[in-house]
Amino acid sequence: MTETRSTDLPSDGNSIVLSVDGVSVRVSPGCTVAAAVLMAGTPTRTSVSGEPRAPLCGMGICFECRVSIDGVPYQRSCQTLCLPGMKVTTTGAQLLP
Amino acid sequence: MTQIFDTLVIGAGPAGMAAAIAAAESGQRVGVVDDNPAPGGQVWRHGTPLPNAGRRWKGQFEAAPAVRLAGWRVIDCLRLAPDGGVLRAECNTPSVPAADLHFRHLILATGARERFLPFPGWTLPNVMGVGGLDAMVRGGLPIAGKRVVVAGTGPLLLAVAAHLIKRGAQVVAICEQASLAQMAPLGLALLRQPGKLRQGAAYRWATRKTPFLTHCWPLAALAEPGADDHRDPGTQPRLRTVTLHRNERQWNVACDYLACGFHLVPNTELATLLGCQMQDGFVVTDQQMRTSTPGVWCAGEPTGIGGVDASLLEGRIAGLSAAGKSEAALSLSQRRPAIQAFTQALEHACRLNPRLRDLAAEETTVCRCEDVHMGALRERSSARDARLHTRCGMGPCQGRICGAATEFLFGWLPDPARPPIFPALVSSLMEEAAAGSPAQPEIDSR
Amino acid sequence: MTDPYDVIVVGAGIVGAACARACAAQGLTTLVVDAAGVGGGATAAGMGHIVVMDDSPAQLALTRRSQQLWGALAAELPSKVEFEPRGTLWVAADEEEMQEVRRKQVVYSAAGVRTEVLDAHSLAAAEPQLRPGLAGALLVPSDAVLYPPAAAAYLIHQAMDLGARMLPSQRVVAAGRGQVRMEDGSSLSASRIVNACGAGAISLLPELPIRKRRGHLLITDRYPGFVHHQLVELGYLKSAHSVAGASVAFNVQPRQTGQVLIGSSREFGEEDAAINHTLLAAMLRRAQSYLPRIGALKTIRVWTGFRAATPDKLPLIGPWPDDPSLLLATGHEGLGITTSLATGELVAAEIAGVKPEIPAQPYLPARFLDGSRAASQQGLFEEAAHD
Ligand SMILES: Cc1cc2nc3c(=O)[nH]c(=O)nc-3n(C[C@H](O)[C@H](O)[C@H](O)COP(=O)(O)OP(=O)(O)OC[C@H]3O[C@@H](n4cnc5c(N)ncnc54)[C@H](O)[C@@H]3O)c2cc1C
Ligand SMILES: Cc1cc2nc3c(=O)[nH]c(=O)nc-3n(C[C@H](O)[C@H](O)[C@H](O)COP(=O)(O)OP(=O)(O)OC[C@H]3O[C@@H](n4cnc5c(N)ncnc54)[C@H](O)[C@@H]3O)c2cc1C
Ligand code: FES
C-alpha cells in the first residue's frame, strides 16, 4: 500500500493514519480530512456533470469537499478532523444507507 | 437532547466568544454553538500560529462557564416569541441525534464567508478561496515549495499571502482587483487605527518579495501546463496555469494553487429565517446590537464587515445587553462610530470592478452544486426564476456560493432562507419540539 | 388598443399553460398573462406525479385522459422536463389493503389502465428499502414523474410556437365581461377569458367554492436507486377520512437527479407559506414507517405549496354561469400537474365549440350554483366532510 505523508505539521510522535480511497495517509492530530484528501492527490467529489472537484471555501459552506467517511456519505471533509483508522472514500462512494 | 439557556450564542468567532464571555460573567446560563470543531471563527479557529489577542480571547472563552456545542450546526427555528424560542441543531458526527436548544435571549454571531466570482476554470481542483487555501494549510496541507497566486480583493489577500510565505510557499503574485485610487480612503482610515496599520505593514514586509498588483485579476485558470512548466502533472486534472489581466495586458503564470476570493459576504440565513430586518444585505441593529426581532441580537460580520476588532466590540455589547446590562452596553457602544468608519472605508476599497462581470464565459459554471452555466442564466429574471428553471442554487450549498455571484452578476436578491438552513438529516426533522406542540395530525385521506 | 384576443388565459401555471397550448392549437388568438413568470405558483411546489386516481368516476376519467395525453407527449418533451415513466406502487400494508389493491385493479382495468398486482415477495424485490412484512402493492406502470415548472415552460413554448403571446410580470386585478384589467391600470379585451390562477383564482372571483389546502414537501440530496417507483400508501383506508383536519400520508418519489422527494401533508386554514414543524415531523415519521432508512438521507430543502381544493374534490373547468365571457380552469387540488392536459383540452373544446374527448359535465362550475347558491362555501365543505 502506498503512503502519503504530511511533512508540514509538527511531528509530536503521535501521528494519525487514515485511509483515503484505500491509500493510507499519515497526518498530525488536528489535520482536517479535506487536507488529507488533498495530500492524497484525489478530488473530493465528481460534480453532477462529471467534473472532478476539490475544496473551495475551507469553512463548511460550499459543500465541494464532501466525501464518505466510514460509510456515511456527504460529509464535509473540511469540518471533520482526522481520526486514526478513518476510512474516507471520494468519488463513486456507496451512497445508499 | 434538550438544552435550556438564558443566552444562546450562534457562532464562536470573535463576536460570539466576546458575547458568550460577557453574558457568562453576568451570571447567565450560556450556550455557544459553532459548526467548526474548534472555536475562534475564521481568524482564530486553527491553532497555529495564533496572535496574542487570539490566544487571550480563546483562553478566556475556554475558561468561561458556558456550554459549548462545537461541531454543531443550527438548522432550523422551531419556535420564536419575544420571551424566547427553540432552535434545532445537528451535530457533525452523524450518529449523534439532533438537539433542541431553548433560549430566552439569542445572539447571532454567524460571521461571514468569502464571495466567489465565476471565471473560466474556477472549478478546477486547487483553485480555492483565499481564506479557503489558508484554512487547508492551517488544517494540515503542506504548502512549502508550492507556487501560489493570491487574487481577488480585500485585506485577506495580504494576510493570507504572508501566512503562506511563512509556511514556505512561493507566492508568485498578489492580485488586487481594486485600483490604488480606490484603496486610498482605506489607507487614510488605517492611519487612525495604528494597530491595524502596524499589522498591514507587517504583512507587506513579509510579502515584500512578491509583486502586489492592483487593478489586476485572473481571467482564467487552466489545467494545461505552460511551456516552461515541467512539474509532474499527476494523474488528476488540476490547476497548472493562471491567466492574469492588468491594464489591458494579459499573461500566464504557472502555479500549483490559485487562492481567489472577492472579499466577504455575511452569513445571514439564520437572521432572515428569524425575520430580522435587513438593509443592503446586512442585519439592522440598534446601539445595543438588538435586531428588529424581539429577543434576538446580532453581532460581528452580519451587521457589517468590520474585522476582528468590530466583531469583538459588538459581541461584548450584545452579551452585556442580553444579560440586562444595558448601561454598560450603551457605554461601550460609544466606541462603535470609529470602527464603523473603517467598515465603510473597507467596503469602498473592496467594491467590485464592473468588468469582473465579464469574466464568466457562456459555458462557465456558475452554480457549482448543480453545474449551471452562465449561458443558461442570462435569460432568467430573478434568483427564484433561475432556481426553478435552471436548478441554480438548488444544491447542498443552498445558494451560498452562487447567490453572492448572481447578485453581483445580475443584481438578483437572494431568496429568503428556508429551513433547514443547512442540509440536515431527515431524521433531524422528524421530532417535534419538546413542549407546546399541537395535537397529532391524522393520517391523510389523499 | 390592440385587437381583442379570442382568449386571454390568466395564470401561467401548468393549467394555464396547458389551456393556452390547447387554445392556440385550435387556431384561437391567445394571450397568457401572469403576475410573475411561468410555473412559479403551486406548479413550482407540486410533486410532479402523473397519476391515475379513482376517488370518483369523473376523477378517473380526467386523470386517465390526462395520463394518455402525457404519454403521447412524452417523446417530444425536452430533457429538462425530466419525464420518467416510473410507475406508481400503491403499497398495501396488510390483507385488508390487498383487497383494496384488487378492487382498484378491477376499476382501473375497466378504464383501460393496465395494472399488475405484486405480492409481498415481488414488492420487496421491486423496492428493497421498504420495510419487511408489507402485504403487496398495485403497480400502475403508465404513471410517471416529471418536473412541473419545466413542463409548464414547455407547454408555454409550444403555445407560443402556435402563435400565442405571453405577458409576464402583470398582475390581473379584474377579469370578466370580456375585459382583463391589470394592476398598472391597462386593460385588454378578449372574447373569452380563462381564470387559471390556481388557488389565487378566488382573488378574482371571491364567490368560488375554493379553499387553499397547504402541503409540505421535502427533497433530499442525491441517492440514486434509493427508491424506483412513486410509492404511495393505501393505509388511509383504516384511518378517519377528513377534509377539514390536517393529515399526512406516505408518498415518496424518485427524481431523475437521484434525489428523493418526500410528501405529503394536507391542511386547511393556513394562508402563509411557513413550515408547520409538527405536521412536517409527522409526515416524515409516516415515511419512515414505510422506509426505515429514510432518516439517514440528507435534506436539502423543505417547502410548502397551496392546492386549490373544492368541496367535491373535482376541479372547476368550463363556463362561469354568471358571465358568458368567463371560463374557469382551477380547483385541481393535488392533481393539477396530472390533469392540466385534459383541462386544456376541455377548455379549448368549449371555446372552439367542438365535442370534447371526455364528457365536460362533471367538472362544470355550474354544479355548485344549481339551487344551492345560498349555501355558504363553508357549508359546502362541511357537507363534503361528512359524506
Ligand atoms: C475565510 C476567512 C478568513 C479570514 N481571515 C482573517 C484574517 O486572517 N485576519 C482578520 O483580521 N480577519 C480575517 N477574516 C475576517 C474575520 O472573519 C472577521 O474579522 C472575524 O472573524 C469576524 O468574527 P465573527 O465572530 O463576526 O465571525 P466568524 O469568525 O466568521 O465566526 C462565525 C462562526 O459562526 C459559525 N456559524 C455560522 N452559522 C452557523 C450556524 N447556523 N450554526 C452554527 N454555527 C454557525 C461559523 O461556522 C463561524 O465559526 C477572515 C474571514 C473569512 C471569511
Ligand atoms: C405539496 C403539493 C404536492 C402536489 N403534488 C402533485 C402531484 O404529484 N401531481 C399532481 O398532479 N399535482 C400535484 N399537486 C397539485 C398541483 O401542484 C396543482 O394542482 C397545480 O400546480 C395547479 O396548477 P395551476 O396552474 O392551476 O396553479 P398555479 O401553478 O398556482 O398557477 C397559477 C398562476 O396564476 C398566477 N396568478 C395568480 N393570481 C394572478 C393574478 N391575479 N394575475 C395574474 N396572474 C395570477 C400565479 O402567478 C401562478 O403562476 C401538488 C400540490 C402541492 C401543493
Ligand atoms: S471546502 Fe467548502 S464546505 Fe468544505
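Only heavy atoms go into these numbers, but all of them, side chains included; no hydrogens, no water, no symmetry mates. Please read all numbers here as calculations on a predicted model, not as lab measurements. Every chain is numbered from 1, with letters handed out A, B, ... down the list of sequences.
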Note to self: Looking at B/Glu90 and B/Arg73, is any side-chain nitrogen of the basic one under 4.0 Å from a carboxylate oxygen of the acidic one?
What the structure shows: yes
Notebook entry, point to check: B/Pro237, B/Cys369, B/Gly168, B/Ser95: which one forms the most heavy-atom pairs within less than 4.5 Å of chain A?
Noted result: B/Cys369
Check: Can you tell which of A/Val48, A/Thr32, A/Leu56 has the highest number of heavy-atom pairs within less than 4.5 Å of chain B?
Finding: A/Leu56
Next item on the list: Select one option (side chain, backbone, both, neither) describing which atoms of A/Ile61 are under 4.5 Å from chain B's heavy atoms.
Entry: both
Next item on the list: Could you look at B/Thr365 and say if it's the side chain, the backbone, both or neither that has a heavy atom under 4.5 Å from chain A?
Entry: side chain
Notebook entry, point to check: Among A/Gly60, A/Cys78, A/Cys82, A/Pro43, who wins on heavy-atom pairs under 4.5 Å with chain B?
Noted result: A/Pro43
Note to self: List the residues meeting side chain to side chain contact (heavy atoms under 4.5 Å, CB included) with B/Glu407, not counting sequence neighbours, and say none if there are none.
What the structure shows: B/Leu413, B/Pro414
Check: Tell me the ring-ring contact (aromatic ring centres under 6.0 Å, His included) pairs involving residues 17-63 of chain A, sequence neighbours left out?
Finding: none
Note to self: Closer than 3.5 angstrom, by distance alone: can the side chain of B/Asn92 be matched with the main-chain N or O of B/Pro37 as a donor-acceptor pair?
What the structure shows: no
Notebook entry, point to check: Which one of B/Ala135, B/Gly129, B/Cys397 has the most heavy-atom pairs closer than 4.5 Å to chain A?
Noted result: B/Cys397
Check: Are A/Arg76 and B/Asp35 within salt-bridge range, i.e. N to O under 4.0 Å?
Finding: yes
Notebook entry, point to check: Is it true that a side-chain atom of B/Lys146 and a backbone atom of B/Tyr257 form a donor plus acceptor pair closer than 3.5 Å?
Noted result: no
Margin query: At a 4.5 Å cut-off on heavy atoms, which part of B/Arg400 comes close to chain A: side chain, backbone, both, or neither?
Written below: side chain
